[in-house]
There are 2 protein chains.
Amino acid sequence: MGDPSRAPPLTRASVIEAHELIKEYVHLTPVLTCHTLDTIASTPQEFTALSDTPHDGLDVPAKPKIRFFFKCENFQRVGAFKVRGAFHALKRLSKEELEKGVVTHSSGNHAQALALAARTFNIPAHIVMPTISTPSKIAGTRSYGARIVFSGSTSQEREAVVSTVIAQTGATLVPPYDHPNIILGQGTMALELEAQVTALLAPSEGPRKLDAVITPCGGGGMLSGVATALLGSGIRVFGAEPSFQGADDARRGIAARERVTHVKSLTIADGLRTPLGEWTWGIVSDRSKVAGVFSVSEDQIKAAMRLVLERMKVFIEPSAAVPLAVCLFNEEFRRLVEREGGEEGWNVGVVFSGGNTTVEAVAKIFETTDRKEERAAGEVGALGEREVQDVAG
Amino acid sequence: MGDPSRAPPLTRASVIEAHELIKEYVHLTPVLTCHTLDTIASTPQEFTALSDTPHDGLDVPAKPKIRFFFKCENFQRVGAFKVRGAFHALKRLSKEELEKGVVTHSSGNHAQALALAARTFNIPAHIVMPTISTPSKIAGTRSYGARIVFSGSTSQEREAVVSTVIAQTGATLVPPYDHPNIILGQGTMALELEAQVTALLAPSEGPRKLDAVITPCGGGGMLSGVATALLGSGIRVFGAEPSFQGADDARRGIAARERVTHVKSLTIADGLRTPLGEWTWGIVSDRSKVAGVFSVSEDQIKAAMRLVLERMKVFIEPSAAVPLAVCLFNEEFRRLVEREGGEEGWNVGVVFSGGNTTVEAVAKIFETTDRKEERAAGEVGALGEREVQDVAG
């Protein structure tokens with residue numbers, strides 16, 4: 001896709017065009033509702049509170065009225081929205097470009113999405129991955145028929161290997177987020193969500209359309225695509241980020257009016273450790289397109305993820321829980337909904353971006369809680385240790 | 001509901017009647033398909049194997065062809081199928097009986113289901129629970145407005161407390177599974193599943209209806225209900241049990257032609273630790289109603305549960321994974337499908353019975369695997385380092 005200037009303009013019409021191009025290759029993922037989560041979101045935080053959640057100096061917790069519509073891209077092919085951008089990128093390549101294949105330097109969901117799209121069109125895919133990638137990710141990507149090319153783990157090392165692959169094969173680079181064709185592809189989910197919610201609300205009284213959509217924001221491809229798709233629709237678009245170790249680069253960049261170009265965060269929302277790119281910064285920092293970006297703590301992400309797993313019975317990766325965490329726990333966002341939604345409240349579309357995690361990873365995330373609960377359950381641990389000492393001594 | 005002789009006969013017509021009575025109170029839960037799981041099920045076990053799975057002395061692993069249709073009762077109200085039986089039981093009580101309330105001695109999903117149904121009809125519900133019940137279960141049941149009555153943890157102690165409650169209040173006992181009205185209520189899911197699969201398969205070539213349904217079997221209420229609902233439909237009905245510590249009481253009872261009345265198993269499929277009752281034994285042991293009951297090991301249940309979480313992105317409790325484990329790993333069942341399904345294979349309905357577990361419980365189940373995988377990952381890491389040396393050198 002090399003030259004972004006050849007891509008269609010970043011407009012709703014282009015997203016509609018992208019949707020026509022890719023819809024036979026991607027799932028029309030379902031939209032779910034959950035009465036329990038609506039109730040929790042519509043209850044002031046002090047009553048549902050995470051004990052470590054300060055109210056940002058506000059005296060009275062906000063009392064917004066929220067009805068959720070969850071767009072389940074975790075049920076998408078390869079388990080994440082990334083196939084939308086990957087298929088669109090390939091549909092925009094010429095026959096000659098396609099024949100030479102594609103290359104990318106992602107090791108996450110984008111790699112598997114590109115591998116699937118390449119296999120579908122029967123062209124080579126070269127995926128540059130750090131040697132330290134987890135074996136399951138390597139195996140997963142390889143299972144789609146891609147050629148894995150290993151590199152060092154710094155971005156310079158990876159880019160050098162990508163250049164070598166391009167020189168050797170003539171393959172086209174398909175970046176994970178910072179390209180108009182990726183942005184337009186990811187935006188297609190918003191067209192579906194908009195139509196699905198309208199259909200769901202058709203028989204109901206009260207407001208019959210979405211008031212807002214909130215998506216995770218890492219590199220910003222999805223948020224930019226959704227904002228582009230909904231331009232002029234009257235639906236507000238928001239981004240959600242982890243705040244841990246500065247992963248809230250979009251929020252900070254917007255506040256400082258300057259793009260943050262480096263992020264080094266180990267947030268559990270591992271899909272959101274990436275800073276915005278040049279194209280996505282242009283959209284995300286444009287207030288007329290993205291109405292705001294909000295951030296949440298690790299504990300808030302965990303609490304939201306727990307609710308989705310235990311209450312909704314839907315399996316998501318931590319990154320996918322970040323927008324819900326904002327809706328439930330970010331007082332600034334909740335105050336905004338309270339103010340603008342008023343008595344009637346808001347119909348809020350929340351994107352569950354992906355579900356690619358493992359039971360071991362989930363176990364690790366909730367491990368500490370586990371130990372805490374064990375202690376709470378009667379100091380069984382301490383008693384056990386004493387018993388062991390007795391035996392040993 | 002005291003006198004079972006007042007209940008409707010155990011026929012498909014009675015299940016249809018039950019469905020009319022309860023359908024405004026329960027969700028029409030979705031039926032999901034999963035191409036990945038179809039492929040795994042249709043691949044001989046040696047290639048997807050759990051290393052500790054013996055082939056029961058068979059030389060060549062079976063090669064059945066299976067297409068799954070998952071009935072998602074984990075998305076049901078209170079997170080499990082139990083609301084069907086509870087609402088039906090209450091709809092069959094007289095006005096006088098209703099006014100005096102209901103009582104049960106379950107501490108699991110049935111307790112919450114009965115509490116919800118009682119609250120819906122605005123009548124008292126007394127739930128007898130052992131004092132050692134987990135706080136989350138007590139809180140969960142209480143949140144539906146039920147009155148919790150504590151007892152000792154043996155069944156004698158619980159039954160004594162139930163008798164006291166009945167003597168004091170005149171409440172009607174609604175047992176968790178061993179009653180015709182409960183059986184007929186649970187059976188309603190099969191009517192939905194049958195119709196949903198027919199609708200899903202309408203546009204397809206090949207066989208357009210279900211060939212078989214497999215459900216978990218603990219007390220046997222659901223299995224009996226589904227078998228009753230599908231009598232004469234031509235759809236075979238199977239049960240699935242854990243084998244750990246003798247929890248496969250139905251299978252053993254059928255083999256010995258005598259009901260096993262006591263089970264003391266700590267299987268992770270904690271909803272299936274109960275032996276069959278008198279009513280359910282009558283149905284489950286009747287070969288013309290239930291075509292077979294198959295059992296699986298703890299590791300096989302875990303493997304099936306992992307696939308549902310990681311691949312389908314659906315959150316289920318361990319008991320709900322047992323039927324899928326049979327389809328994937330029980331060679332006797334697989335050989336049966338291979339033999340009877342032939343070239344065309346079978347469309348198999350699998351009931352995901354519930355999703356009421358916690359992230360801590362999931363963490364505990366997969367804890368050991370975690371450590372194993374970390375060791376394995378360490379070995380791959382070592383290999384990776386060697387490759388890096390090659391590039392660097």
Side-chain angles (χ1 to χ4, degrees), chain A residues 30 32 34-36 72-80 129-136 138-139 143 150-153 157 161 302 305-317 320 352 354-374 376-377, chain B residues 29-30 32 34-36 72-77 79-80 134-136 302 305-317 320 352 354-374 376-381 383-392:
Chain A
L32 299 181
C34 180
H35 184 72
T36 306
C72 292
E73 288 289 298
N74 58 323
F75 296 152
Q76 187 51 272
R77 296 185 74 184
V78 317
M129 281 187 164
T131 0
I132 54 160
S133 302
T134 58
S136 64
I138 297 171
S143 76
F150 288 105
S151 76
S153 43
E157 289 170 304
V161 175
K302 282 166 67 171
M305 183 168 171
R306 173 196 292 274
L307 287 168
V308 175
L309 270 59
E310 295 183 356
R311 301 297 184 93
M312 284 193 71
K313 326 292 182 190
V314 168
F315 196 71
I316 57 171
E317 55 190 68
F352 284 160
N356 290 332
T357 185
T358 62
V359 288
E360 283 78 18
V362 172
K364 202 160 285 175
I365 287 171
F366 292 99
E367 202 170 49
T368 320
T369 327
D370 193 16
R371 301 218 174 112
K372 264 188 220 154
E373 298 234 331
E374 269 172 16
Chain B
T29 53
L32 299 182
C34 181
H35 185 72
T36 305
C72 293
E73 288 289 298
N74 58 324
F75 296 151
Q76 186 53 269
R77 296 185 74 184
T134 55
S136 64
K302 282 165 67 171
M305 184 168 169
R306 174 196 292 275
L307 287 168
V308 175
L309 270 60
E310 295 184 355
R311 303 297 184 94
M312 284 192 72
K313 326 291 183 192
V314 168
F315 196 71
I316 57 172
E317 57 191 67
F352 285 158
N356 289 333
T357 185
T358 62
V359 288
E360 282 78 18
V362 172
K364 202 161 282 173
I365 288 171
F366 292 100
E367 204 170 45
T368 322
T369 327
D370 191 16
R371 301 212 177 119
K372 267 188 217 155
E373 297 237 330
E374 268 173 14
E379 279 157 31
V380 176
L383 188 69
E385 276 162 29
R386 247 183 289 137
E387 280 172 11
V388 172
Q389 285 179 351
D390 284 349
V391 173

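Just so you know, these numbers use all the heavy atoms, side chains as well, and skip hydrogens, waters and symmetry mates. Chain A is the first sequence line, chain B the second, and so forth, proteins listed ahead of strands; every chain is numbered from 1.
- Contact count versus chain B (heavy atoms, under 4.5 Å) is highest, among A:Thr36, A:Ile316, A:Thr358, for A:Thr358.
- Checked against side chain to side chain donor-acceptor pair (under 3.5 Å), B:Thr29 has the following partners two or more places apart in sequence or in another chain: B:Lys71, B:Glu73.
- Under the side chain to side chain donor-acceptor pair (under 3.5 Å) criterion, A:Asn356 pairs with A:Asn109, B:Lys313, sequence neighbours left out.
- Using a 4.5 Å cut-off between heavy atoms, A:Ile132 does not touch chain B at all.
- Contacts of A:Thr357 with chain B are made by backbone atoms alone, with heavy-atom separations under 4.5 Å and no side-chain atom involved.
- A:Thr131 contributes no side-chain N or O that, together with a main-chain N or O of A:Gly152, makes up a donor-acceptor pair within less than 3.5 Å.
- For A:Met312, the part sitting under 4.5 Å from any heavy atom of chain B is the backbone (N, CA, C, O) and nothing else.
- Listed for the A:Gln76 side chain is no donor-acceptor partner under 3.5 Å among the backbone atoms of A:Gly354.
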